[in-house]
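All figures in this text were calculated on a predicted structure; none of them were measured in a lab.
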Amino acid sequence: MTDTNSMPAGGIMAIPGQIDPVPVPRAAVVDGVTPRADGRVDLMGLPRKRIAELFEQAGLDTKAAKLRAKQVFHWLYHRGVTRFEAMTDIAKTMRPWLEDRFVIGRPDIVEAQHSTDGTRKWLLRTADGHDFEMVFIPDADRGTLCVSSQVGCTLNCRFCHTGTMRLVRNLTVGEIVGQVMLARDALGEWPKGGGTMAGLDDEEDEGGYSADGRLLTNIVMMGMGEPLYNFDNVRDALKIVMDGDGLALSKRRITLSTSGVVPKMALCGEEIGVNLAVSLHAVTKDVRDEIVPINKKYGIEELLQACADYPGASNARRITFEYVMLKDKNDSDEDARELVRLLRHYNLPAKVNLIPFNPWPGAPYECSTPDRIRAFSNIVFEAGISAPVRTPRGRDIDAACGQLKTAAEKKSRAELERLYAEKEAELG
Ligand code: SAH
Ligand code: SF4
């Protein structure tokens with residue numbers, strides 16, 4: 001954490017979820033709107049209906065407010081414009097009226113980094129001074145944006161750098177959608193006539209790695225934070241991302257990853273409907289309790305049953321099980337066989353993603369050897385379950401899974417142990 005991460009004005013809130021609430025500072029949001037010093041209202045992250053309400057409150061009649069909201073929504077999320085004067089189908093006299101009362105915000109960019117493998121990472125800052133990160137990973141056939149849901153994380157998976165951040169705040173809807181908007185800005189992907197490149201590095205991206213001509217084709221909620229502990233904001237943000245008149249990304253191209261917040265999983269399927277990834281990482285109670293401590297609250301059996309019940313899961317839409325490879329911890333042949341047994345027992349339409357552990361300063365684990373990872377993968381593959389080994393991306397800029405942590409302060413092992421103990425006490 002940087003010292004800019006001071007407590008915002010909003011005071012303390014409890015992260016929603018059935019798990020014992022953890023006190024975290026709250027963004028001062030009122031009815032979806034974060035107050036600004038200049039009194040104008042930031043429309044970023046608001047749905048059509050709320051925009052219409054605000055226009056009506058500002059003086060338009062109901063019908064005009066509805067029409068203008070529809071137009072503005074389209075300009076905001078489909079065209080990516082950040083100034084009302086660019087909204088050419090809105091009367092010229094109306095545009096300054098809007099400009100006086102409203103803004104179209106983006107998170108501030110503190111730093112933009114480019115990995116030698118093409119991965120890009122942005123350090124972003126909220127209006128109240130909290131830093132968080134987003135990562136773009138280009139591949140031959142797709143471009144994936146890894147989006148954060150919280151500043152830090154209240155959970156403390158032992159292998160994850162984000163879990164060592166003490167301060168946590170839920171990101172607002174605008175800050176979550178804002179990441180996708182910024183990525184589109186940076187990639188120059190808005191339809192002609194819209195968008196702004198202000199504040200972004202102007203490096204050219206080579207195109208050609210997207211089947212449909214787009215660079216940003218997929219979104220994974222796998223950045224900082226536990227998305228199911230910020231359920232409402234993540235849901236509302238993804239609704240805008242999926243809106244046909246907004247960012248228009250298919251739910252099939254969006255994956256939400258959870259460490260296993262069981263009570264929210266069905267709701268995620270019902271209300272958001274995106275693909276599910278589950279951070280399983282271990283197949284025995286002892287080991288999962290140690291490395292993914294939320295396991296003490298919701299055990300493996302309960303978690304896998306919730307996966308079996310996940311709305312929309314099928315052989316065509318499999319659940320991804322993430323499994324980080326930790327040397328001598330969870331990587332034996334026996335672990336692989338138990339993984340197969342569990343996935344079969346719950347009859348899960350599953351694929352397994354084997355993630356080589358990405359190290360960070362002070363991390364208490366090592367990555368399994370390549371031979372070990374291959375042997376593990378083979379056992380799962382031979383049982384008929386896909387188990388590719390994920391190639392780490394952006395390691396040189398600390399953009400790989402689990403390396404995200406803003407302004408990485410170096411903590412000693414003893415300090416880390418103390419922090420873990422504190423967080424675990426909060427978990428109950
Ligand atoms: N909180 C959510 C989503 C963010 S983490 C979750 O835990 O699922 C995204 C993925 O990166 C998770 O599977 C997480 O377990 C994994 N991860 C965390 N730290 C890692 C590390 N150091 N090396 C490799 N993967 C890691
Ligand atoms: Fe939080 Fe996910 Fe990291 Fe665990 S792995 S500490 S849930 S971000």
Side-chain angles (χ1 to χ4, degrees), residues 15 17-22 153-164 222 226-229 257-266 268 276-310 313 319-357 363-368 372-373 375-377 379-380 383 385 387 401-402 416-417 419-428:
I15 292 271
Q18 311 253 320
I19 195 161
D20 302 339
V22 180
C153 186
T154 50
L155 298 169
N156 57 321
C157 304
R158 285 270 171 143
F159 48 84
C160 174
H161 208 188
T162 305
T164 69
M222 293 187 187
E226 169 49 59
L228 295 188
Y229 274 176
S257 175
T258 181
S259 57
V261 184
V262 168
K264 292 277 179 193
M265 284 168 58
C268 173
L276 184 70
V278 171
S279 294
L280 187 62
H281 302 314
V283 290
T284 63
K285 175 167 167 50
D286 280 358
V287 178
R288 196 161 192 270
D289 276 356
E290 176 190 324
I291 66 178
V292 188
I294 195 179
N295 194 64
K296 293 179 193 159
K297 207 88 186 172
Y298 311 113
I300 294 175
E301 285 75 22
E302 216 182 322
L303 174 60
L304 294 181
Q305 189 55 51
C307 292
D309 298 339
Y310 187 70
I319 294 174
T320 303
F321 289 90
E322 294 159 284
Y323 200 98
V324 63
M325 300 301 295
L326 304 175
K327 190 175 184 183
D328 299 331
K329 183 48 74 179
N330 64 356
D331 62 352
S332 69
D333 286 354
E334 212 184 338
D335 289 316
R337 282 192 286 268
E338 178 60 6
L339 177 60
V340 169
R341 190 193 70 78
L342 283 169
L343 296 178
R344 281 192 179 147
H345 179 78
Y346 287 89
N347 203 13
L348 288 162
K351 52 187 175 192
V352 174
N353 240 333
L354 298 177
I355 316 174
F357 169 65
Y365 302 107
E366 275 176 67
C367 185
S368 311
R372 188 85 296 277
I373 299 177
F376 193 105
S377 170
I379 291 173
V380 184
I385 300 166
C401 299
L416 281 174
E417 288 303 327
L419 179 65
Y420 289 141
E422 251 174 51
K423 285 195 166 196
E424 247 167 78
E426 281 166 357
L427 201 61

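Between L339 and L280, some side-chain heavy-atom pair lies under the 4.5 Å cut-off. In this structure, V283 and R341 have side chains that are not in contact, with every pair of non-hydrogen atoms separated by 4.5 Å or more. Side-chain atoms of I373 and C367, non-hydrogen and from C-beta on, do get closer than 4.5 Å to each other. With a 4.5 Å cut-off on side-chain heavy atoms, K264 and Y229 do not count as touching. With contacts defined as side-chain heavy-atom distances shorter than 4.5 Å, the pair T164/R158 does not qualify. Under the 4.5 Å side-chain criterion, counting only non-hydrogen atoms from C-beta, P227 is not in contact with S257. Inter-residue side-chain proximity for L304 and F321 is flagged as met; some heavy-atom pair is nearer than 4.5 Å.
Closest of all the heavy-atom pairs between P356 and L354 is CD-O, 3.5 Å. Across all non-hydrogen atoms, the minimal contact from E366 to F357 is C-CD2, 3.7 Å. Heavy-atom minimum distance, M222 versus A277: CE-CB, 4.0 Å. Annotation for A282 and I291: closest pair CB-CD1, 4.1 Å, computed over non-hydrogen atoms. The shortest heavy-atom contact between V262 and A306 is CG1-CB, 4.1 Å. Minimum interatomic distance between S259 and V292 (heavy atoms only, all atoms of both residues): O-CG1, 4.0 Å.
Remark: side-chain polar atoms of D331 are paired, donor with acceptor, to backbone N or O of D328 under 3.5 angstrom. Checking side-chain atoms of R288 against main-chain N and O of I300 turns up no donor-acceptor pair under 3.5 Å. Side-chain atoms of N330 come within 3.5 Å of backbone atoms of V324 as a donor-acceptor pair (strictly under, hydrogens ignored). At distances below 3.5 Å, not a single donor-acceptor pair connects side-chain atoms of E322 with backbone N or O atoms of I355.
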Take H281 and F159 through the test side chain to side chain contact (heavy atoms under 4.5 Å, CB included) and record every step on the way to the result.
CA-CA 10 Å; H281 302 314; F159 48 84; 3.3 Å; yes
Evaluate side chain to side chain contact (heavy atoms under 4.5 Å, CB included) for Q305 paired with Y346, printing each intermediate quantity in order.
CA-CA 7 Å; Q305 189 55 51; Y346 287 89; 3.5 Å; yes
Check the pair T320, L276 against side chain to side chain contact (heavy atoms under 4.5 Å, CB included), reporting the backbone distance first and the verdict last.
CA-CA 6 Å; T320 303; L276 184 70; over 6 Å; no
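The CD atom of E290 lies 9.5 Å from the OG1 atom of T284; values are rounded to the nearest 0.5 Å. The SG atom of C157 sits 10.0 Å away from the CG atom of N295 when rounded to the nearest 0.5 Å. Taking CZ from R337 and CG from L342, the interatomic distance works out to 13.5 Å, rounded to the nearest 0.5 Å. Atoms CG and CE, from D309 and M265 in turn, are 9.0 Å apart once rounded to the nearest 0.5 Å. One finds the CD1 atom of I379 at 12.0 Å from the CD1 atom of I385 (value rounded to the nearest 0.5 Å).
Under the 30°/60° scheme for interplanar angles, the aromatic rings of Y323 and F376 are found to be tilted.
Counting heavy atoms of neighbouring residues, nucleotides and ligands inside a 6.0 Å radius, atom CD of E334 does not exceed 12 of them.
Between K297 and D289 there is no salt bridge, since none of the side-chain N atoms of the basic residue sits less than 4.0 Å from a carboxylate O of the acidic one.
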